[in-house]
Each structure stands twice: as structure tokens, then as C-alpha cells.
Visitor: 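Encoded as C-alpha cells, here's the structure I'll be asking about.
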Amino acid sequence: MSAIEGPVRVRFAPSPTGSLHIGGVRTALFNWLCARHYGGQFILRIEDTDEKRFVPGAADDISASLRWVGIDWDEGPDIGGPYGPYVQSQRFEQGIYQPFIEQLLEAGLAYMSFTTEEELAQMRAAAEAAGIKAFRFRGPERDWPLAKQREVAATGKPYTIRLKTPLEGETRFRDLIRGGDEIVVHNDQLQDIVLIKSTGMPVYHFAHLVDDHLMKITHVMRGEEWVPSTPYHVLLYDFFGWPRPVFAHLPAILRQDGRGKLSKRKDDVATYRFRERGYLPETIFNYLALQGWSYDGVTEIMTRDELIARFTLERIQPSPARWNPEKLRDMNGIYIRKLTTEQLAERVLPFMQRAGLIGELASEEEWSYLISLIPLIHERLEELQEAPELLMFFYRDVIPGETYNPADLIPKKHDAGQTITLLRAAHEALSQITDWTPPALETTLRALCEQLQVKPGPLFGAIRVAVTGRSVAPPLFDTLAGIGRERSLSRLNAAIAALEQML
RNA sequence: GCCCCCAUCGUCUAGUGGCCUAGGACAUCACCCUUUCAAGGUGGAGAUCGCGGGUUCGAAUCCCGCUGGGGGCACCA
């Protein structure tokens, strides 16, 4: 299969049945990348023909999630375009699908089926009871003359319109990603799928195809779960005499344990959740591009422009990708480290506010204080949501016996008494300092090590726990500077007092 | 059950007949740096290229079978 010539028209067509799944973003991204790389349009279309599963607000979540990762569209529900509307229920109301189904009926390629859902369920049950595992429905009405179908319909009996699939022969199609041989399906494996529900609403198999044709879609990129139903689609294209689009079925994204696809029920995959946890949109963009596609096997960190320039359909993998949260985290850390202090502060601010550490309307002092602390956590952050926890002791009291265990103050190979000596000496030395800056603090504390004949490890460790309540924290001198003189000294005193209680 | 798709280190992936004694990344281990944790640097371990047959002078790369995994079989998309 050769490369793409000419402009492409591709689309992402989600159904508003819930918040956007991260795998859906990957599908959207590949389509978007295709349009931007080869030149052409990326279209957003909402497929809301399932009234039962419709979730109010879902369409907005989808748009917002796509925008968040930086995917924009050239035509869509909100901005319109030459082939609108871009919402299927609206297209249905305009009667867009009617003439096409009528055409199929007239040609005898589809028929009205009066079998009800209940009857169908009974037939399936009966088939199963008879040991027939594969039940393939073909309605008895498929051989009725159209006039008879219309006659019965006129009596008010509800009906669906089904595709009259050929009983013999085979249906074949090519998939760009699974190049080489054609995918061949014997027609006896098909069944007469519903095209129009008894409510009159078209089903995906029919609606998407009419829309793709009218919208002049050139490449259909969708998840590989659509491969088995593609024969129905090509049957329809051929029936209508419409040119088939190029099919490119994207590899599935499997769960971390490899057992099945990522699923909304079992996995935390709603796109807004990644935002909530503090993933940067540039991370998601880059990581998702690598789910089923690769550039050269070596380069992984790429900007949007680089990705657009390098993305080609040929390099999409046919084999499934597997979701790797660890790698995602790592990549987010890389992108966080690329930010400037101010940029990171801006991104971290909402998390600090949500944690209640900074007011809803951040004051000038709160903002500059945050800016001063950001360098301390910058290279330690992998998810923005970790920031409040890492910065907690700069904002909240540190109380021995309450926010930490006083026993943690005691360094290895030391006892409480020795620790008291160390901390008293530290308090004494530090209280002499008027220039409360990291260099001055370092000079003083290193001199104290000499004086006390102790290594920095134990002394600094004890001070760290005393002022932060943690054994793991940013570098000590910066931390002390950030906490400030008065608070640092009083926390040392509290620690000494707590240790004295232990004697 | 039937049909379809897929198959390289634990995971993602490079590889399109000789450059492969199989490269990179995550994770993992060790060391360096060092006040803890990170970050960074160096190095290690980790893949009989799922198995079995072919084709070929030569196969991870082509063909067949098997096995394994995934997906689909709705008046859902």
C-alpha cells in the first residue's frame, strides 16, 4: 500500500455516552495527525443515534477533552462546516438518511422486518438450546416483495429495516495498517443487521456510512473492534456504488495486565481524570502518539510539530499496544522538567488551591511564595497532584507526635540523648544567623558538623525531620530558607522537647 | 461455538532476506554525584525473535500449520 496522495478528509465520530475515554483521544489524535501531516481536514461528528445511552453533557466533555490535549477540528458541531450539521440526531431530523434507505428498499438491498426484539430473543434462545452457537438472523421478509412489506407496515406494525446480506460468496476489503492480503469474510458468516430501528432512527452501521460519504471522508481510522463489522460497510458502499474510503483500523490499547482492552469500568481512563491527576496535555499528546505508532524506535519525546511532521500511516502498528502507567508518569516528569518555574507554578496553583493551601484568589504574597518553592519540587514531580503533599510543611504546622513520629528524629546509630545534643547545637548556631539564606545556612551548618565531629548525614537528617516532619524532603538549606527563620527555630524547639519526653 | 485480527527483553518498541554476536525507552539492579528523596551520569542483568515445518547460499524478516493473546457475533457505538 503506497503513501497517501492528495488532501485527506478524516473524522473522529464519538458517541456521547459518557466522558471521553483516553483510547478515544488516541483515535482522535491519529486522525488529527493524519489531517495535519498529509494536509486536509479533521472533522468532529457526534454520533448520538442511541437515545437510550445518551448522557447529557457528554458531548461537551468530549469537546473539552479534545481541546485540552490540543486537538482542534476544521468542521464540527460548534463551528459548522460545508457538510453540516455535524450531529447525527440533527441530520436525522433533517431527513438526510431517508432517501438513502428508500433507495436500498427500492433496489431490494434492504427490507422491512417485522420480527420484534422479543421474538428475536426467543429465536436466539431456541438456537442456543439446539446447540447452535452462531445464530445468524435473516428475516423471513427478505424475500417478500416490497409492496407486501409496505402493506404490512401500513397496518401500523412496527418494523426495522435490515440489510439484505448475500447468502453466498465472500466479501473482501483491505486495511491500510494490515497491508498485504485482503481480509476475506464468507457471506454465510454475516447476518441481516438492522439499519433503521423501529423508532426510525438509523443505526451506526448505516448512519456513519451515509455521513462519511456525504462528508467526503477519504480515510476511516477507527479502533480495530470495527474490523468484524467492516464487511457490512463495504457491502453498503458497493450497493450504493460509492467509492470505499481507505480503512485503517487502529490497534487496540490493552490493559496493563494484557487481559482485554482498557475499559471504562475497570480502569481509570476518563480523559478528565488525567487532567485531575496532573498530567500535562503535552504528555498525553506525546504518549498517545506512541500507542500504536513509532517514529524510529529511538526518538520518543517529540513536540507537536515534530509529531505532525513525522507521523505517517505506514508506521502504525497492527499489533495491540499496552497501557503503561509507569511510562506515562515518567514522561510527565520529563515534560514537567521542561517547564520554567513560572509555568510550573501556574500549573500547580489549582492543585494547591484545591488542597486548601492557597486561597481561591491567590494573593500576591501567596503567588510569590509559591514561585519561591517551585524549584524545590520541580524535578521531584511526576504528577502535579503530588505538589500539595510535597509542599505541605511549608504551609501547615509540623508537630511532633501529631504530624510525625518523634522517633524519626533520631538518626541511625544514635539515641535520643545524642539527638537532643545535635538539635540544641543546631538551634544555637542557627539562631545566630541573621542572613537567613541557603548559602549562609549551609556555611553555618557545615561548620557545625566540623565542630561537633559528626557527618552531615545524621545532623542534617535530624534537622530535616524536625522542620519538615519528613525524612524525605527537598534539600535542607533551601527548605529552611523556605520555611523561614522563626518557624524553623520553633520547630527545632518542639522537636527537642519531644525528644526530652522520650528520655 | 463461529468469524476476524495479532505475535521481538517483564512492558512498549526498532528491525521489511545478509549491516543482528537483535538497537532504544519504561521498569529493575549496581556504581558515581550527594544532607534525605529526586534529577543527572556510567554500567549490568534481561529476547533460544511463541512453537513446528518449509522457501533460500542465508530468515526475526517470505510461506504453511499449530499454540497463545485480543476483538467481534445487539433495534450500542
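All chains are named by letter (A, B, ...) in the order of the sequence lines, taking the proteins before the strands, and each is independently numbered beginning at 1. Just so it is clear, the structure is predicted and the values come from calculations on it, not from any experiment.
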Visitor: Considering every strand and a 4.0 Å limit on heavy-atom distances, what is the contact class for A/Arg255: base, sugar-phosphate, or nothing?
Guide: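 No contact at all - A/Arg255 keeps every heavy atom at 4.0 Å or more from the nucleic acid.
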Visitor: Quick check for you: among B/C3, B/U36, B/A7, whose closest atom lies nearest to any side-chain atom of A/Gln189?
Guide: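 Ranking B/C3, B/U36, B/A7 by closest atom to the A/Gln189 side chain puts B/C3 first.
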Visitor: Taking only the P atom of each, what is the distance from B/U61 to B/C2 in whole angstrom?
Guide: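 Going atom to atom, P in each nucleotide, I get 29 Å.
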Visitor: Between A/Glu383 and A/Asn332, is any side-chain donor less than 3.5 angstrom from a side-chain acceptor?
Guide: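 There is no such pair between these side chains.
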Visitor: Does A/Ser319 reach a base, just sugar-phosphate, or nothing at all? Heavy atoms under 4.0 Å.
Guide: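 A/Ser319: backbone/sugar contact only, no base atoms under 4.0 Å.
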Visitor: Name the nucleic acid region contacted by A/Thr49, choosing base, sugar-phosphate or nothing; use a 4.0 angstrom heavy-atom cut-off, strictly under.
Guide: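 Touches sugar-phosphate only.
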Visitor: Look at all strands and tell whether A/Pro475 reaches a base, only sugar-phosphate, or nothing, counting heavy atoms closer than 4.0 Å.
Guide: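 The answer is base, as A/Pro475 lies within the cut-off (heavy atoms under 4.0 Å) of a base atom.
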Visitor: Strictly below 4.0 Å: does A/Thr17 bring a side-chain N or O up to OP1 or OP2 of B/A77?
Guide: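 A/Thr17 to B/A77 OP1/OP2: no side-chain N or O under 4.0 Å.
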Visitor: Would you kindly say whether A/His213 and A/Arg244 are connected by a side-chain donor-acceptor distance under 3.5 Å?
Guide: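 Looking only at side-chain atoms, A/Arg244 and A/His213 do not form any donor-acceptor pair under 3.5 Å.
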Visitor: So how far is it from A/Lys338 NZ to A/Thr303 OG1, rounded to the nearest 0.5 Å?
Guide: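 Those atoms lie 8.5 Å apart.
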Visitor: Going by side chain to side chain contact (heavy atoms under 4.5 Å, CB included), A/Thr171 matches just one of A/Thr230, A/Val184, A/Val234, A/Thr165. Which one?
Guide: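 Exactly one pass, corresponding to A/Val234.
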Visitor: Between B/A14, B/C26, B/A77, which one does the side chain of A/Trp226 approach most closely?
Guide: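 Shortest atom-to-atom distance from the side chain points to B/A77.
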Visitor: Counting heavy atoms from C-beta on, name the nucleotide in B/C76, B/A7, B/C37 closest to the side chain of A/Val203.
Guide: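 When the side chain of A/Val203 is considered, B/C76 is the closest of B/C76, B/A7, B/C37.
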Visitor: Phosphate oxygens OP1/OP2 of B/A14: is one of them under 4.0 Å from a side-chain N or O of A/Gln317?
Guide: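 It does, given that an N or O in the side chain of A/Gln317 lies less than 4.0 Å from OP1 or OP2 of B/A14.
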Visitor: Pick base, sugar-phosphate or nothing for A/Arg337, based on heavy-atom distances below 4.0 Å to the nucleic acid.
Guide: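 Sugar-phosphate contact only.
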Visitor: Can you say whether a donor on the side chain of A/Arg178 sits under 3.5 Å from an acceptor on the base of B/C5, or the other way round?
Guide: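 There is none.
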Visitor: For A/Ile334 and B/C12, what is the distance between atoms CD1 and P respectively, to the nearest whole Å?
Guide: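 Going from A/Ile334 (CD1) to B/C12 (P), I get 19 Å.
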Visitor: Reading RNA chain B from 5' onward, which residue's closest nucleotide shows up sooner: A/Gln88 or A/Thr299?
Guide: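 In this pair, the answer is A/Thr299.
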Visitor: Both A/Asp478 and A/Gln256 contact RNA chain B. Which one's nearest nucleotide lies toward the 5' end?
Guide: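 By nearest-heavy-atom nucleotide position, the 5'-most residue is A/Gln256.
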Visitor: Does a donor on one side chain and an acceptor on the other come within less than 3.5 Å for A/Gln191 and A/Arg138?
Guide: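 The criterion, which ignores hydrogens and geometry beyond distance, is not satisfied for A/Arg138 and A/Gln191.
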Visitor: Which of these nucleotides, B/A77, B/U36, B/C4, is closest to any side-chain atom of A/Val185?
Guide: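 Selected nucleotide: B/C4.
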Visitor: If pairing requires Watson-Crick or G-U wobble contacts with both distances under 3.5 Å, which nucleotide is the partner of B/G50?
Guide: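 Base-paired to B/C66.
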Visitor: Does B/C57 pair with anything, Watson-Crick or G-U wobble, both distances under 3.5 Å, and if so, with which nucleotide?
Guide: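 When the pairing criteria are applied, B/G18 turns out to be the nucleotide that pairs with B/C57.
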Visitor: Can you find a donor-acceptor N/O pair under 3.5 angstrom joining the side chain of A/Arg322 to the base of B/C12?
Guide: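 Result: no qualifying N/O pair found.
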Visitor: Need one value for A/Gln191: base, sugar-phosphate or nothing, where a base atom within 4.0 Å counts as base even if backbone is also close, heavy atoms only.
Guide: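 The answer is sugar-phosphate, as A/Gln191 gets under 4.0 Å only of primed atoms, P, OP1 or OP2.
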Visitor: Could you check which of B/C5, B/A77, B/C6 has an atom nearest any side-chain atom of A/Glu224?
Guide: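 Output: B/C5.
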Visitor: Could you give the distance separating B/G50 and B/C9 at their P atoms, to the nearest angstrom?
Guide: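 Taking atom P in both B/C9 and B/G50, they lie 7 Å apart.
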Visitor: Under a 3.5 Å limit for both distances, which nucleotide forms a Watson-Crick or G-U wobble pair with B/C75, could you say?
Guide: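 Checking every strand shown, B/C75 finds no partner, since no pair has both distances under 3.5 Å.
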Visitor: Between B/A14, B/C5, B/A77, spot the one nearest the side chain of A/Ser294, thanks.
Guide: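 My answer, after comparing the listed nucleotides, is B/A14.
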Visitor: Looking at every strand, decide which applies to A/Glu300 at a 4.0 Å heavy-atom threshold: base, sugar-phosphate, or nothing.
Guide: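 The residue A/Glu300 makes base contact.
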Visitor: At less than 4.0 Å, is any side-chain N or O atom of A/Arg315 found next to OP1 or OP2 of B/U16? Yes or no.
Guide: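 No, outside the criterion.
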Visitor: Have a look at A/Ser198 and say if it touches a base, only the backbone sugar-phosphate, or nothing, with a 4.0 Å heavy-atom cut-off.
Guide: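 Result for A/Ser198 = base.
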Visitor: Between A/Tyr97 and A/Asp211, does any side-chain donor sit less than 3.5 Å from a side-chain acceptor?
Guide: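 Per modelled atom types, A/Tyr97 and A/Asp211 side chains form a pair under 3.5 Å.
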Visitor: Heavy atoms only, 4.0 Å cut-off, all strands: where does A/Lys261 land among base, sugar-phosphate and nothing?
Guide: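 Sugar-phosphate: the residue A/Lys261, judged by heavy atoms under 4.0 Å, touches backbone atoms but no base.
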Visitor: Contact between A/Leu44 and A/Pro14 at the side-chain level, heavy atoms closer than 4.5 Å - yes or no?
Guide: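 Heavy-atom side-chain distance check passes, below 4.5 Å.
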Visitor: Which nucleotide, B/U13, B/A77, B/C5, lies nearest any side-chain atom of A/Ala321?
Guide: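 Side chain of A/Ala321 sits closest to B/U13.
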Visitor: At their closest point, which heavy atom of A/Phe460 faces which heavy atom of A/Cys449, and how far apart are they?
Guide: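 In terms of heavy atoms, the two residues are closest at CE2-SG, 3.8 Å.
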Visitor: Expressed as a whole number of angstroms, how long is the span from A/Phe460:CZ to B/U34:P?
Guide: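 So the two atoms are 13 Å apart, to the nearest Å.
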Visitor: Expressed as a whole number of angstroms, how long is the span from A/Lys157:NZ to B/C75:P?
Guide: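 Checked: the NZ to P distance equals 16 Å.
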Visitor: Under a 3.5 Å cut-off for both distances, is B/U34 Watson-Crick or wobble paired, and to whom?
Guide: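 The answer is none; no pair meets the criterion.
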Visitor: Whole-Å distance between B/A77 P and A/Leu20 CG?
Guide: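 That distance rounds to 17 Å.
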Visitor: Applying the Watson-Crick and G-U wobble criteria at under 3.5 Å, what pairs with B/C26? Answer none if nothing qualifies.
Guide: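 Partner of B/C26: B/G10.
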Visitor: Contact class for A/Val465 vs. all strands (heavy atom < 4.0 Å): base, sugar-phosphate, or nothing?
Guide: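 Here A/Val465 touches no strand at all.
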Visitor: Are A/Arg162 and B/C75 close enough that a side-chain N or O sits under 4.0 Å from OP1 or OP2?
Guide: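 For A/Arg162, the contact criterion (side-chain N or O under 4.0 Å from OP1 or OP2 of B/C75) is met.
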Visitor: Does a nitrogen or oxygen in the side chain of A/Lys327 sit under 4.0 Å from OP1 or OP2 of B/G10?
Guide: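 A/Lys327 to B/G10 OP1/OP2: no side-chain N or O under 4.0 Å.
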Visitor: Check every atom of B/C4, B/C26, B/A77 against the side chain of A/Val227 and return the nucleotide holding the closest atom.
Guide: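 Closest of the options to the side chain of A/Val227: B/C4.
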Visitor: Can you tell me which nucleotide in B/C2, B/A27, B/G15 comes closest to the side chain of A/Arg136?
Guide: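 Side chain of A/Arg136 sits closest to B/C2.
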Visitor: Report which part of the nucleic acid A/Val298 touches: base, sugar-phosphate, or nothing (heavy-atom distance under 4.0 Å, all strands).
Guide: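 Sugar-phosphate contact only.
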Visitor: Could you tell me the separation between the CG atom of A/Leu288 and the P atom of B/U13, rounded to a whole number of Å?
Guide: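 About 13 Å, once rounded to whole Å.
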Visitor: Give a yes/no on whether any side-chain N or O of A/Lys197 is located under 4.0 angstrom from OP1 or OP2 of B/A77.
Guide: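 A/Lys197 to B/A77 OP1/OP2: side-chain N or O found under 4.0 Å.
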Visitor: In terms of side-chain heavy atoms of A/Glu117, which of B/C75, B/C26, B/A7 is nearest?
Guide: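 That would be B/C75.
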Visitor: Rounded to the nearest Å, what distance is computed from the CE atom of residue A/Met331 to the P atom of nucleotide B/U13?
Guide: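 Computing the A/Met331:CE to B/U13:P distance gives 13 Å.
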Visitor: Whole angstrom is fine here: how far is it from NZ in A/Lys338 over to C1' in B/G40?
Guide: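 It is 15 Å, rounded to the nearest whole Å.
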Visitor: Applying a 4.0 Å non-hydrogen cut-off, can you work out what A/Leu328 is touching in the nucleic acid: base, sugar-phosphate, or nothing?
Guide: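 Answer is nothing: A/Leu328 stays at 4.0 Å or more from every strand.
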Visitor: Less than 4.0 Å between a side-chain N and a carboxylate O, is that true for A/Glu47 and A/Arg45?
Guide: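 Yes.
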Visitor: Looking across every strand, which nucleic acid part, if any, lies under 4.0 Å from A/Pro474 by heavy atom: base, sugar-phosphate, or nothing?
Guide: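 Answer is base: heavy atoms of A/Pro474 come under 4.0 Å of a base.
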Visitor: Does one side chain, of A/Asp48 or A/Ser89, offer a donor that lies under 3.5 Å from an acceptor on the other?
Guide: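 There is such a pair between these side chains.
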Visitor: When you check the phosphate oxygens OP1 and OP2 of B/C73, does a side-chain N or O of A/Arg124 lie under 4.0 Å from one of them?
Guide: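 Answer no for this pair, as no side-chain N or O of A/Arg124 is under 4.0 Å from OP1 or OP2.
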Visitor: To the nearest Å, how far apart are A/Phe206 CZ and B/A74 P?
Guide: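 Whole-Å distance recorded here is 20 Å.
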Visitor: Quick one: is B/U35 close enough that its OP1 or OP2 comes under 4.0 Å of any side-chain N or O from A/Arg446?
Guide: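 Checking B/U35 against A/Arg446, a side-chain N or O does come within under 4.0 Å of OP1 or OP2.
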